[in-house]
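These values consider heavy atoms only, across backbone and side chains, with no hydrogens, waters or symmetry-generated copies. Numbered from 1 within each chain, the chains take letters A, B, ... in sequence-line order.
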Amino acid sequence: MKLFEQQELQVYNSLSKSKEKFKPIHEGAVGMYVCGPTVYSNVHMGNCRTFLSFDLVFRYLKHLDYKVRYVRNITDAGHLENDGESGDDPILKKARIEKLEPMEVVQKYTVDFHTTMAKFNALPPSIEPTATGHIIEQIQIVSDIISEGYAYEKNGSVYFDVIKFNEDHTYGKLSGRNLEDMISNTRELTAQSEKRNPQDFALWKKAEPQHIMHWPSPWSKGFPGWHLECTAMSTKYLGNKFDIHGGGMDLKFPHHECEIAQAEACNHESPVNVWMHANMLTLNGKKMSKSTGNNILPDELFTGNNDILSKAFSATVAKFFMFQAHYRSILDFSNDALEASEKGFNRLMDAYRSLDGISTSEKSSMDISAWRQSCYNAMNDDFNSPILIAQLFEASKFINGLKDGNETISEKDLSILKTTMHDFIFEVLGLVDVASENTGDGNKLEAAITLLISLREKARANKDFATSDQIRDQLLEAGIQLKDGKEGTTFSIQ
RNA sequence: GGCAUCAUGGCCGAGUGGCUAGGCAGAGGUCUGCAAAACCUUCUACAGCGGUUCGAAUCCGCUUGAUGCCUCCA
């Protein structure tokens with residue numbers, strides 16, 4: 001029996017604004033598309049939060065035994081900073097600044113993105129298509145939309161006719177906007193726009209002479225509109241209708257709204273069952289952003305080389321911090337919050353590691369099966385990782401009680417406890433036990449510390465506290481903490 | 001200006017009608033040669049004002065404040 005048959009997953013759908021029972025179109029298989037980064041600069045922590053949120057979704061779906069096809073694109077064709085004629089393409093801009101070929105810019109930051117995601121122990125998606133690799137598919141969609149009568153050409157550019165579309169469809173249903181309001185509230189001053197009305201958006205843009213990334217098309221030598229690539233790549237790899245489409249909250253409008261319009265215009269059906277939006281990571285109470293500079297980069301976090309934090313934090317601690325908040329809540333990035341998370345994370349890892357030394361009894365003093373289900377209940381409730389983590393801390397408390405002999409556990413329950421802790425910490429949350437990783441040649445280090453512990457025991461027996469305290473304090477300075485318990489001394493590496 | 005979201009204890013952050021988050025920090029205790037760790041106890045809050053209800057942090061209204069989107073953005 002597959003796990004998903006035993007667990008009822010509820011997912012919040014941005015489209016219906018409510019939690020819905022998750023039921024994939026094809027039983028046992030899930031198609032998920034997530035809008036990836038535009039690769040014209042290093043991804044910052046805010047970008048990472050979104051991708052880690054969906055990594056959690058991916059991991060949990062897989063854990064539930066779903067076969068998941070996870071498609072996350074790379075936007076490697078730049079898009080104009082404003083929809084007018086004077087817009088700038090960030091990739092071209094960056095290429096000028098760094099004196100690189102545009103595709104060199106793209107390559108450089110794609111590699112950075114992959115490296116960063118690997119540091120966060122995020123799983124690679126099943127397919128990672130690029131916009132420039134799907135120009136033909138995008139041109140085809142533009143043709144289809146024109147044939148359907150929802151787009152028009154002007155001077156070699158093609159625009160989506162939102163008003164026409166809205167006559168027999170609903171534009172704005174995802175973001176809760178209505179077209180009449182939008183039109184009446186427009187303070188549009190761009191008089192010489194080619195668009196019939198300001199709500200229209202570009203499907204194809206004719207390239208200006210200085211625009212060096214361009215492709216031939218029936219309308220002009222040009223480049224595709226921003227919203228088109230996601231429609232092309234999601235439907236190509238997942239079909240005209242698929243289960244989950246995710247992305248950052250800031251993409252809800254206009255990007256995802258336009259994706260819906262494009263897909264409905266040419267495929268006559270709504271493309272996505274469940275729309276998921278991950279909320280923003282803020283810094284100083286404001287959204288992290290590439291353009292405003294209000295951001296912190298992953299490497300600045302890992303090295304401690306930044307003005308925001310008092311010290312360096314590991315990728316896994318940063319991830320743990322983010323998962324202590326729900327993916328749909330705004331989360332503010334701060335030193336205090338990270339420090340608190342780091343301490344909590346270390347405590348959780350200590351408890352997990354001490355599972356190996358637990359001895360069993362006849363009966364358990366905690367209902368392990370009920371606890372295990374409560375972990376699933378947390379994740380089943382729209383991937384509520386903070387509740388899951390709270391449950392892991394409940395288990396930690398129990399494990400510590402076992403260690404101190406205040407609690408008991410049966411052999412069978414211990415096995416369930418170990419498996420469940422392992423699955424949720426490492427498989428679902430995708431955390432990494434940094435301390436044990438640091439001791440790759442851990443046996444040697446462990447032998448050395450064990451020796452020091454026994455020397456300290458001898459000193460203590462002889463009441464030579466100067467020596468015993470020196471061993472304890474100097475090890476602590478080196479980041480190794482000795483812990484005296486009833487069963488003897490153990491240690492943990494910070 | 002329009003649309004939307006949010007406001008929880010010292011800090012971070014769950015929770016959506018009656019029962020409980022959790023982490024960090026603080027206080028007291030057990031343990032210890034002294035500590036640390038661990039354990040136990042404790043501090044018990046829901047922006048303000050009204051309304052609905054037997055009962056509201058949770059529903060409704062208003063006020064205040066903050067944020068996001070409306071232009072590239074995770």
Side-chain angles (χ1 to χ4, degrees), chain A residues 17 34-38 40-41 43-54 75 78-84 87-90 93 172 175-178 181-182 184-187 198-199 226 246-255 257 277-282 285-292 295 320-321 324-326 328-332 334 336-345 347-348 350-351 354 378 381 384-394 396-397 399-401 403-407 460 463 465 468-469 472-473 476 481-486 489-492:
Chain A
K17 294 186 199 296
V34 171
C35 293
T38 305
Y40 67 92
S41 64
V43 285
H44 60 242
M45 287 304 299
N47 302 122
C48 293
R49 186 190 180 197
T50 295
F51 301 127
L52 292 174
S53 295
F54 288 105
T75 298
H79 298 285
L80 304 184
E81 277 180 354
N82 53 57
D83 221 0
D88 219 343
D89 169 339
K93 205 160 142 188
S175 55
R177 277 156 223 251
N178 111 8
D181 288 351
M182 288 170 63
S184 63
N185 287 312
T186 302
R187 299 169 294 174
Q199 280 68 41
W226 173 38
M249 195 71 108
D250 51 352
L251 298 183
K252 201 176 192 177
F253 187 91
H255 184 55
E257 205 68 77
H277 289 97
N279 218 323
M280 299 293 101
L281 185 64
T282 61
K286 293 265 198 286
K287 176 189 171 184
M288 279 198 202
S289 156
K290 290 182 186 177
S291 49
T292 62
N295 66 55
F320 185 73
F321 157 72
Q324 277 188 299
H326 187 85
R328 281 193 290 117
S329 298
I330 292 170
L331 176 65
D332 194 59
S334 72
D336 287 354
L338 270 165
E339 278 191 338
S341 288
E342 183 173 55
K343 284 180 189 166
F345 175 74
R347 213 162 67 77
L348 180 64
D350 276 353
S354 59
D381 185 11
N384 199 322
S385 55
I387 300 263
L388 169 64
I389 289 170
Q391 292 304 327
L392 297 177
F393 277 115
E394 290 299 327
S396 301
K397 207 170 174 177
I399 293 166
N400 290 330
K403 207 167 60 177
D404 285 0
N406 298 326
E407 306 277 1
R460 290 178 72 192
K463 304 225 184 290
F465 297 124
S468 70
D469 288 357
R472 179 225 281 161
D473 297 342
L476 186 62
Q481 184 180 41
L482 299 187
K483 299 173 180 179
D484 297 329
K486 281 184 182 160
T489 302
T490 57
F491 67 94
S492 72

Sugar-phosphate atoms are those with a prime plus P, OP1 and OP2; base atoms are the rest. Using that split, label each nucleotide of nucleotides 5-20 of chain B B, S or - for protein heavy atoms under 4.0 Å, 5' to 3'. -------SSSS-----
Is any side-chain heavy atom of A/F320 closer than 4.5 Å to one of A/I389? yes
When the C1' atoms of B/A14 and B/U30 are compared, how many Å lie between them, rounded to an integer? 31 Å
Is A/M288 close to A/M45 at the side-chain level, that is, under 4.5 Å between some pair of heavy atoms? yes
Which heavy atom in A/N295 sits nearest to a heavy atom in A/S289, and how many Å separate them? ND2-O, 3.0 Å
Quick one: on RNA chain B, does A/G401 or A/G46 contact a more 5' nucleotide (nearest heavy atom)? A/G401
Non-hydrogen atoms of A/A378 and A/I387 that approach each other most closely: CB-CG2, 3.5 Å
Between B/A38 and B/C19, how far is it from one C1' atom to the other, in whole Å? 29 Å
Heavy atoms under 4.0 Å, any strand shown: does A/G172 hit a base, just sugar-phosphate, or nothing? nothing
Nearest whole angstrom, please: distance from the C1' of B/A4 to the CG of A/L251. 16 Å
P gap between B/A56 and B/C46, integer Å: 14 Å
Where A/M280 and A/R49 come nearest, the two heavy atoms and their spacing: O-NH1, 2.9 Å
Search all heavy atoms of A/F253 against all heavy atoms of A/S175 and return the closest pair with its distance. CD1-OG, 3.3 Å
Touch check for A/T490, heavy atoms < 4.0 angstrom, all strands: base, sugar-phosphate only, or nothing? nothing
Is the shortest side-chain heavy-atom distance between A/K290 and A/Y40 below 4.5 Å? yes
For the student: nearest non-hydrogen atoms of A/A325 and A/L331, plus distance: CB-CD1, 3.7 Å
Which listed nucleotide (B/G2, B/C69, B/U67) is nearest to the side chain of A/K286? B/U67
Whole-angstrom distance between B/U63 and B/A45, as gauged at atom P: 29 Å
Taking C-beta and beyond as the side chain, do A/N400 and A/R347 meet within less than 4.5 Å on heavy atoms? yes
Integer angstrom distance from the P of B/A7 to that of B/G28: 34 Å
Examine B/G23: is either OP1 or OP2 under 4.0 Å from a nitrogen or oxygen in the side chain of A/K343? Give yes or no. no
A/S354 versus A/T490: any side-chain heavy-atom pair under 4.5 Å? no
Say we look at B/C54 and B/C49: how far apart would their P atoms be, to the nearest angstrom? 23 Å
Can you list the stems that RNA chain B is part of, where a stem is at least 3 pairs in a row, each Watson-Crick or G-U, with both distances below 3.5 Å? B:1-7 with B:64-70, B:10-12 with B:22-24, B:26-30 with B:38-42, B:47-51 with B:59-63
Output yes when at least one side-chain N/O atom of A/N47 is less than 4.0 Å from OP1 or OP2 of B/A74, else no. yes
Heavy-atom side-chain contact between A/S396 and A/L348 under 4.5 Å: yes
Rounded to whole Å, CZ of A/F253 lies from C1' of B/A74 at a distance of 18 Å
With a 4.0 Å cut-off on heavy atoms, is A/H44 in touch with a base, just the backbone sugar-phosphate, or nothing at all? base
When the C1' atoms of B/G22 and B/U8 are considered, how many whole Å apart are they? 14 Å
Measure NZ/A/K290 against P/B/U71 and give the value in whole Å, please. 20 Å
Look at all strands and tell whether A/E394 reaches a base, only sugar-phosphate, or nothing, counting heavy atoms closer than 4.0 Å. sugar-phosphate
Can you measure A/M182 atom CE to B/C69 atom P for me and round it to whole angstrom units? 15 Å
Of all the heavy-atom pairs spanning A/H326 and A/P386, show the shortest one and how long it is. N-CG, 3.5 Å
Could you write nucleotides 30-37 of chain B as a row of B, S and -, 5' to 3', where a protein heavy atom under 4.0 Å of any base atom gives B, of only sugar-phosphate atoms gives S, and otherwise -? --SBBBBB
Can you find a donor-acceptor pair, distance only, under 3.5 Å between A/R177 side chain and B/C70 base? no
Contact class for A/L348 vs. all strands (heavy atom < 4.0 Å): base, sugar-phosphate, or nothing? nothing
P atom, B/U52 versus B/G61: distance in rounded Å? 15 Å
When the distance from CG of A/D181 to C1' of B/G1 is rounded to whole Å, what number comes out? 12 Å
For A/K483 and A/D350: C-alpha separation, side-chain torsions, deciding distance, then whether salt bridge (Lys or Arg N to Asp or Glu O under 4.0 Å) applies. CA-CA 11 Å; A/K483 299 173 180 179; A/D350 276 353; 2.3 Å; yes
Considering heavy-atom distances to RNA chain B, does A/S175 or A/L281 have its closest nucleotide positioned more toward the 5' end? A/S175
How far apart are the C-alpha atoms of A/K286 and A/D332, what are their side-chain angles, what is the distance that settles it, and do they pass the salt bridge (Lys or Arg N to Asp or Glu O under 4.0 Å) test? CA-CA 8 Å; A/K286 293 265 198 286; A/D332 194 59; over 6 Å; no
Mind checking A/T38 for me? I need base, sugar-phosphate or nothing, with any heavy atom below 4.0 Å counting as a touch. sugar-phosphate
Return the value, rounded to whole Å, for the distance between atom CG of A/D250 and atom C1' of B/A4. 14 Å
